[in-house]
Visitor: 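Right, I'll just put the structure down here and ask away after.
Throughout, protein chains are lettered first and strands after them, A, B, ... in sequence-line order, and every chain is numbered starting at 1. Remember, predicted model here, so these are calculated numbers, not experimental data. Values below: every heavy atom of this structure, side chains too, minus hydrogens, waters and symmetry copies.
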Protein chains: 2
Amino acid sequence: MTKSCIRVYADVEQISQCKQDIEKVDAAISKLAKALDLAGNEVRLKMLFLLDKESKMCPCDLSDILGMTVPAISQHLKKLKDAGLVESNKVGQTIFYSIAKSSNLILNPILKLIENEKVTTHE
Amino acid sequence: MTKSCIRVYADVEQISQCKQDIEKVDAAISKLAKALDLAGNEVRLKMLFLLDKESKMCPCDLSDILGMTVPAISQHLKKLKDAGLVESNKVGQTIFYSIAKSSNLILNPILKLIENEKVTTHE
DNA sequence: AACGTATTTAAGTGACTGCTTAAATATACG
DNA sequence: CGTATATTTAAGCAGTCACTTAAATACGTT
């Protein structure tokens, strides 16, 4: 890879320890990154917020509330469902989506940040 | 937009309430989505994890630990810094990056998920 | 069966990502 | 000053994203 930099004043011990540490959490990070990537889209985050608040909604409702076409919403829902973040329940011709219970561990702390209005990352 | 669907069995009251609710948290969601989007990248999440654990690191160290070129690392750091998630401190010719204190509110709950190995979203 | 509603799937497209390599900038040191 | 180290910036590019429109699927009603 690179030839310069890398190792002059470096703490070799620290580096090697970090490599091990990272390896241990690699799977967890990979999984978490996927979830955060999905939640890191404004439309999808709104959808998750709404599903959390209302407990269940159909694509049609979300389309109306968010002012987006139904196919656009449907495609977002598919991604969330494929990742296991939401699940669906069909009733007649309408499909109700809701937060998957198994994803609460990840989503709860995130959704809590919204309500708390605590989102003061910067400036 | 669409002409079909939208309103037949819909709970008009709920929809309109949701529109208001979303509007209230719009700014918070927008900000949070940006942060999650950044953290939702495997490389960057690892970087944040390492910065959190080691309190500070230089691009060179991160490059070594993560097995990536220095420019690639530098570009990720720039994004994190532009978003206010990390900050930098120059000492001689090396630049130490660390988690911005102001971003702890968002990052702490996320980073905690890694250590807890609780990341069991799915299956 | 035929039509209307609810939703998904598919194909196309412009914008954005994340990497690469090469060059630029900045600081330290002989 | 010239060279080595540390980092950023820039340009290029393949891959992905999020939307659009159009078509397909599915259920309900008459």
Visitor: Restricting to side-chain hydrogen bond (donor to acceptor under 3.5 Å, both in side chains), what partner residues turn up for B:S98, sequence neighbours left out?
Guide: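 For B:S98, no residue satisfies side-chain hydrogen bond (donor to acceptor under 3.5 Å, both in side chains) once neighbours in sequence are set aside.
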
Visitor: Could you check which residues of residues 37-47 of chain A get a heavy atom under 4.0 Å from DNA chain D? Sort them by number, please.
Guide: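 Within this stretch, A:N41, A:V43, A:R44 sit under 4.0 Å of the strand.
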
Visitor: Starting at atom CE of B:M57, determine the distance to atom P of D:dT7, rounded to an integer number of angstrom.
Guide: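 In whole Å, D:dT7 P and B:M57 CE are 11 Å from each other.
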
Visitor: For A:K90, which residues count as a salt bridge (charged side-chain N to carboxylate O under 4.0 Å, His left out) partner, sequence neighbours excluded?
Guide: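 If we apply the salt bridge (charged side-chain N to carboxylate O under 4.0 Å, His left out) test to A:K90, skipping adjacent residues, there are no hits.
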
Visitor: Expressed in angstrom and rounded to an integer, what is the separation of B:D61 atom CG from D:dA6 atom C1'?
Guide: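 Nearest whole value for this atom pair: 11 Å.
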
Visitor: What residues form a salt bridge (charged side-chain N to carboxylate O under 4.0 Å, His left out) with B:K56, not counting sequence neighbours?
Guide: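 Salt bridge (charged side-chain N to carboxylate O under 4.0 Å, His left out) list for B:K56, sorted by chain: empty.
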
Visitor: Just to verify, what does A:K79 make a salt bridge (charged side-chain N to carboxylate O under 4.0 Å, His left out) with, not counting sequence neighbours?
Guide: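 Residues passing salt bridge (charged side-chain N to carboxylate O under 4.0 Å, His left out) with A:K79: none at all.
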
Visitor: Which whole-number value in Å describes the distance from B:M68 CE to C:dT17 C1'?
Guide: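 Answer to the nearest Å: 12 Å.
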
Visitor: Which pairs would a plain distance check flag for residues 38-52 of chain A, meaning a side-chain donor or acceptor within less than 3.5 Å of a matching protein atom at least two apart in sequence or in another chain?
Guide:
unit_1	atom_1	unit_2	atom_2	d
A:N41	OD1	A:V43	N	2.9
A:N41	OD1	A:R44	N	3.0
A:R44	NE	A:L38	O	2.7
A:R44	NH1	A:H76	ND1	3.1
A:K46	NZ	B:D26	OD1	2.8

Visitor: Check this one for me: any side-chain N or O of A:T94 less than 4.0 Å away from OP1 or OP2 of C:dA6?
Guide: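 It does not, given that no N or O in the side chain of A:T94 lies less than 4.0 Å from OP1 or OP2 of C:dA6.
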
Visitor: Got a second to check how far B:I22's CD1 is from B:I29's CD1, nearest 0.5 Å?
Guide: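 Going from CD1 on B:I22 over to CD1 on B:I29, the span is 4.5 Å.
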
Visitor: With the side chain of B:H76 defined as its heavy atoms from C-beta on, choose the nearest nucleotide among D:dA6, C:dT20, C:dG18.
Guide: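 Of the options given, the side chain of B:H76 lies nearest C:dG18.
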
Visitor: My understanding is that only residues two or more places apart in sequence, or in another chain, count here; which of them pass side-chain hydrogen bond (donor to acceptor under 3.5 Å, both in side chains) with A:E87?
Guide: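 Listed in chain order: A:K101.
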
Visitor: A:K19: which residues meet the side-chain contact (heavy atoms from CB on, under 4.5 Å) condition with it, sequence neighbours left out?
Guide: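 So A:K19 forms a side-chain contact (heavy atoms from CB on, under 4.5 Å) with A:I15, B:D64, B:I65.
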
Visitor: Would you indicate, yes or no, if C:dT27 has its OP1 or OP2 atom less than 4.0 angstrom from a side-chain nitrogen or oxygen of B:K90?
Guide: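 Yes, such a contact exists.
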
Visitor: Identify, with sequence neighbours excluded, every residue that meets side-chain hydrogen bond (donor to acceptor under 3.5 Å, both in side chains) alongside B:S16.
Guide: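 Applying side-chain hydrogen bond (donor to acceptor under 3.5 Å, both in side chains) to B:S16 gives none.
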
Visitor: Show the distances under 3.5 angstrom between N or O atoms of the protein and N or O atoms of nucleotides 1-4 of chain C.
Guide:
none

Visitor: Could you please spell out the steps behind the side-chain contact (heavy atoms from CB on, under 4.5 Å) verdict for B:C58 and B:I95?
Guide: CA-CA 6 Å; B:C58 65; B:I95 300 177; 5.9 Å; no

Visitor: Under the side-chain hydrogen bond (donor to acceptor under 3.5 Å, both in side chains) rule, collect the residues that match up with A:D21, sequence neighbours excluded.
Guide: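 Testing A:D21 for side-chain hydrogen bond (donor to acceptor under 3.5 Å, both in side chains), a comparison that skips the adjacent residues, returns A:Q17.
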
Visitor: Could you tell me how far apart B:L80 (CG) and C:dG18 (P) are, to the nearest whole angstrom?
Guide: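 Those two atoms, CG and P, are 10 Å apart.
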
Visitor: Extract from the structure each pairing of a protein N or O with an N or O of nucleotides 8-11 of chain D at less than 3.5 Å, listing the distance.
Guide:
unit_1	atom_1	unit_2	atom_2	d
D:dT8	OP1	B:Y97	OH	2.3
D:dT8	OP2	B:S74	OG	2.6
D:dT8	O5'	B:S74	OG	3.3
D:dA10	N6	B:Q75	NE2	3.1

Visitor: What is the distance, rounded to the nearest whole Å, between atom CZ of A:F96 and atom P of D:dC27?
Guide: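 Value for this atom pair: 15 Å.
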
